[in-house]
Amino acid sequence: SPSRRFLRDPQDPSPPDTMLALLAATLVPAAAYIARPTTALGRSALHARRATPRCAVEMKYRVAVVGGGPSGACAAEVLAQEPNIETYIFERKMDNAKPCGGAIPLCMIEEFGLPAEIIDRKVRKMKMISPSNREVDIGETLKDDEYIGMTRREILDGYLRNRAVEYGATPINALVTKIDCPADDDATGRYTISYSPNDEGKKAPTKQLEVDVIIGADGANSRVAKAIDAGEYNFAIAFQERIKISDEQMNFYEDLAEMYVGDDVSPDFYGWVFPKYDHVGVGTGTVVNRPAIKEYQDATRARAGDKIAGGKIIKVEAHPIPEHYRPRRVRNRAVLVGDAAGYVTKCSGEGIYFAAKSGRMAGEAVVQAMKGGTALPTQTDLEQAYIKPYDALYGPTYTVLDLLQKVFYSSNAAREAFVDMCESKYVQQVTFDSYLYKKVQGNNPIDDIKLLFGTFGSLLRGAAIATPDKPINNPVESLKRL
């Protein structure tokens with residue numbers, strides 16, 4: 001299919017987190033008129049300079065992908081299929097299990113050729129629980145073959161990374177410690193990556209690798225981003241416990257996920273219980289009060305109550321999650337993707353699909369610009385072939401979900417309204433369509449008008465029953481926000 005034009009069978013020798021976006025489908029069209037794609041830097045002489053093509057007898061150009069999650073693996077998979085490019089993929093921990101709800105949309109399974117065995121659960125029902133513990137069941141609008149896939153990140157990431165290696169990427173199990181970049185006006189200078197191997201013992205000496213292009217897929221604390229002075233961003237802390245519960249309790253979560261909202265579980269996000277292979281993931285997140293994350297986690301477990309009571313915590317995970325784009329996502333021949341670029345949506349906290357998609361698009365842009373391994377890309381090449389199309393596709397979605405988070409996660413009254421609105425079958429339909437297929441589908445102008453008035457009604461009802469939010473006293477943390 002066109003979406004998989006860079007993929008081929010490795011055996012073929014021939015060439016090649018959820019009810020996540022409430023109301024997004026109804027607001028995206030309006031946002032599209034005001035959202036404009038932006039590039040990371042202004043024009044300069046370095047954009048136009050192109051390296052002289054190498055002759056066939058010289059060594060191949062090298063591309064390093066730093067980070068082996070979905071974004072890095074999908075970038076490396078595309079690059080590895082270009083025979084005239086040497087592709088390397090760095091991963092600090094090959095069995096890394098990033099704390100993550102693990103939800104992926106239906107469209108990702110087909111688009112990225114994911115096998116059925118990496119999907120732990122097929123969620124077809126959602127339960128939204130308000131601050132007052134009102135429950136709204138969601139999922140009646142789903143068709144028999146529609147579902148949200150639940151995965152474990154160590155399984156998903158490992159599969160994608162191994163596939164990239166099968167296509168020809170060279171894996172390096174190491175911690176990248178330093179990146180030396182060429183000057184901005186150096187059209188042929190190489191990047192020097194210093195790294196400590198993790199598979200050669202504790203006393204293994206630091207090694208170096210020179211490459212021509214770098215793709216930074218190394219998460220929120222990206223060393224590539226620091227090396228290219230990509231700028232800072234606000235970030236949330238996501239905290240998750242994997243809890244082994246009884247078979248009877250697990251049957252309750254067979255195809256059900258829960259989302260809890262309220263200032264007790266998070267002042268600006270939600271708590272969740274998502275089913276995994278043989279356990280549940282219970283977690284929450286926050287930007288505005290990160291020091292209190294364990295208190296919010298305790299409250300999430302308490303809200304779940306008897307449904308997970310007596311369960312054994314088998315793993316505790318915490319990780320920073322970006323809140324918005326990096327100020328700069330491309331510099332010279334270095335590109336950021338996934339969390340390193342800031343591609344996590346507000347309101348929903350979704351990042352897996354956008355990580356994989358951005359990695360693939362960046363890989364395709366590099367391959368296109370390198371013209372069969374005969375030339376180096378310029379910054380303009382990468383902005384035009386990667387940044388501009390990505391922003392055109394998904395910029396409005398980020399804008400709308402940012403707005404929804406500000407409106408519906410700002411107070412208990414708004415959270416009560418949020419859950420109240422979820423009872424609308426129209427809201428469920430357009431929300432699931434937008435999430436599962438990453439496109440606006442089936443909007444009805446008459447129903448949109450009804451939804452607008454229904455929103456005001458929900459806000460009024462929420463204000464009437466909600467308890468006031470507890471004040472947050474966190475001056476030190478607040479001063480760190482950008």
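Looking at residues two or more places apart in sequence or on another chain, you find a salt bridge (Lys or Arg N to Asp or Glu O under 4.0 Å) between K178 and D180. For Q405, there are no side-chain hydrogen bond (donor to acceptor under 3.5 Å, both in side chains) partners, not counting sequence neighbours. Shown here are the side-chain hydrogen bond (donor to acceptor under 3.5 Å, both in side chains) partners of Q208, two or more places apart in sequence or in another chain: S194. Here E91 pairs with nothing under the side-chain hydrogen bond (donor to acceptor under 3.5 Å, both in side chains) rule; sequence neighbours left out. Residues meeting the side-chain hydrogen bond (donor to acceptor under 3.5 Å, both in side chains) test with E146, sequence neighbours left out: Y437.
The stretch residues 347-375 participates, sequence neighbours left out, in these ring-ring contact (aromatic ring centres under 6.0 Å, His included) pairs: F354-Y394, F354-Y398.
Checking side-chain atoms of R331 against main-chain N and O of I228 turns up a donor-acceptor pair under 3.5 Å. Listed for the D339 side chain is no donor-acceptor partner under 3.5 Å among the backbone atoms of V344. Judged by distance alone, with hydrogens and angles left aside, the side-chain atoms of N332 form no donor-acceptor pair with the main-chain N or O of A334 at under 3.5 Å. In this structure, T284 contributes its side chain and V265 its backbone to a donor-acceptor pair below 3.5 Å. Checked by atom type and distance alone, the side chain of R161 pairs as donor or acceptor with a backbone atom of M94 at under 3.5 Å. Checking side-chain atoms of H319 against main-chain N and O of F239 turns up no donor-acceptor pair under 3.5 Å. Judged by distance alone, the side chain of T300 and the main-chain N or O of Y296 form a donor-acceptor pair under 3.5 Å. At least one donor-acceptor pair under 3.5 Å links the side chain of R326 to the backbone N or O of G231. Listed for the K438 side chain is a donor-acceptor partner under 3.5 Å among the backbone atoms of Y435. For R62 (side chain) and E210 (main-chain N/O), a donor-acceptor pair under 3.5 Å exists by modelled atom type.
Side-chain contact check for S196 and N198: no donor-acceptor pair (N or O, by modelled atom type) lies under 3.5 Å.
Residues P327 and E232 form no side-chain contact, since every pair of their non-hydrogen atoms from C-beta on lies 4.5 Å or further apart. Taking 4.5 Å as the limit, some side-chain heavy atom of P131 sits within range of a side-chain heavy atom of V261.
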Verdict with supporting geometry, S348 and T345, side-chain hydrogen bond (donor to acceptor under 3.5 Å, both in side chains) | CA-CA 6 Å; S348 66; T345 60; 2.4 Å; yes

Stepwise, does the side-chain hydrogen bond (donor to acceptor under 3.5 Å, both in side chains) test hold for S411 with D469?
-> CA-CA 6 Å; S411 69; D469 289 62; 4.8 Å; no

Evaluate side-chain hydrogen bond (donor to acceptor under 3.5 Å, both in side chains) for D381 paired with T378, printing each intermediate quantity in order.
-> CA-CA 5 Å; D381 290 336; T378 67; 3.2 Å; yes

Please assess Q379 against E383 for the test side-chain hydrogen bond (donor to acceptor under 3.5 Å, both in side chains), listing each intermediate value before the final yes or no.
-> CA-CA 6 Å; Q379 182 168 315; E383 288 174 344; 3.1 Å; yes

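If you look at Y343 and Y390, their ring centroids are closer than 6.0 Å. Between Y233 and Y325, a ring centre-to-centre spacing not shorter than 6.0 Å is recorded.
Cation-pi check for R415 over Y409 is not met; the charged atom does not lie both under 6.0 angstrom from the ring centroid and within 45 degrees of its normal. Cation-pi geometry between R121 and F274 is not met: the NZ or CZ atom fails to fall both under 6.0 Å from the ring centre and inside 45° of the normal.
With salt bridges taken as basic N to acidic carboxylate O contacts below 4.0 Å, none links D298 and K294. Electrostatic pairing of R163 and E77 counts as a salt bridge here, judged by a charged N lying under 4.0 Å from a carboxylate O. Salt-bridge formation is detected for the pair R301/E241: a Lys NZ or Arg NE/NH1/NH2 atom is positioned less than 4.0 Å from an Asp or Glu carboxylate oxygen. In summary, R242 and E317 engage in a salt bridge, as defined by a charged side-chain N under 4.0 Å from a carboxylate O. A salt bridge does not link D157 with K93: none of the charged nitrogens is closer than 4.0 Å to a carboxylate oxygen. Salt bridge annotation for R190-D212: present, with a cationic side-chain nitrogen under 4.0 angstrom from a carboxylate oxygen.
A 6.0 Å sphere centred on CD of E295 holds no more than 12 heavy atoms belonging to other residues, nucleotides or ligands.
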